[in-house]
Structures are given as C-alpha cells and as structure tokens.
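Contents: one structure, followed by commentary.
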Amino acid sequence: MKVSYYIHFADHLLKAKGEEVFRRVVQEGVDAYINNWKRKEAAEEKAYELKKQAEKLEALRERMKQHKDIL
C-alpha cells in the first residue's frame, strides 16, 4: 500500500474523531509495532539457540557412530 493511503486515513481519523482519539490510536499502533518487533527478535534468538543445539546433537551423533565399536 502506498504511504498516501495511511496519511489520508490519519487525516480522516483526526478530523472525524478528534485529537484525543487520534493520539490514542496512533499510540496503540506504535505499541503494537514495537511489541511485534520484540517478539520477532525473541523468536529469531530462540531459533538460533535451537539451531546451535541441533548442531551439537548432530556432532555428538557422528562421534557416537564413529566410536560405536568401543561402546
């Protein structure tokens, strides 16, 4: 979507509902954006940690395969 659509919507909201509602809606939108960004960052960090664990497990499996005659 084009930015002009959002500007038009914001202008309409301000004129139709007043400054108080406009500020509240904008703040809610900003808060939602920040929360989504934080969740995305946390999910990416968790995925990285899980990937590292999987790599360690795979390395351990390979070592066990190489030394299975000892066990």
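Every heavy atom of this structure was used, including side-chain atoms; hydrogens, water molecules and symmetry mates were not. Quick caveat: nothing in here was measured; it's all calculated off a predicted structure.
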- Message: Between the side chains of E20 and R24, is the shortest nitrogen-to-carboxylate-oxygen separation below 4.0 Å, so that they form an ion pair?
- Response: no
- Query: Can we say K38 and E41 salt-bridge, meaning some charged N sits less than 4.0 Å from an Asp/Glu carboxylate O?
  - Reply: no
- Item | Inter-residue atom distance L13.CG - R23.CZ, 0.5 Å rounding | 12.5 Å
- Drop me the distance from K15's NZ to D11's CG, to the nearest 0.5 angstrom. 4.0 Å
Are [Y] and [X] linked, directly or through intermediate hydrophobic residues, by side-chain heavy-atom contacts shorter than 4.5 Å (ILVMFWY only)?
X	Y	answer
F22	V30	yes
I34	V25	yes
I7	V26	no

- E19 atom CD, neighbour heavy-atom count above 12 within 6.0 Å: no
- So does E55 have more than 12 non-hydrogen atoms from other groups sitting under 6.0 Å from CD? yes
- Looking at residues at least two apart in the chain, or sitting in another chain, which of them share a salt bridge (charged side-chain N to carboxylate O under 4.0 Å, His left out) with E44? K40
- Using the side-chain contact (heavy atoms from CB on, under 4.5 Å) rule, pick out the option among K52, E45, K51 that qualifies with E49. E45
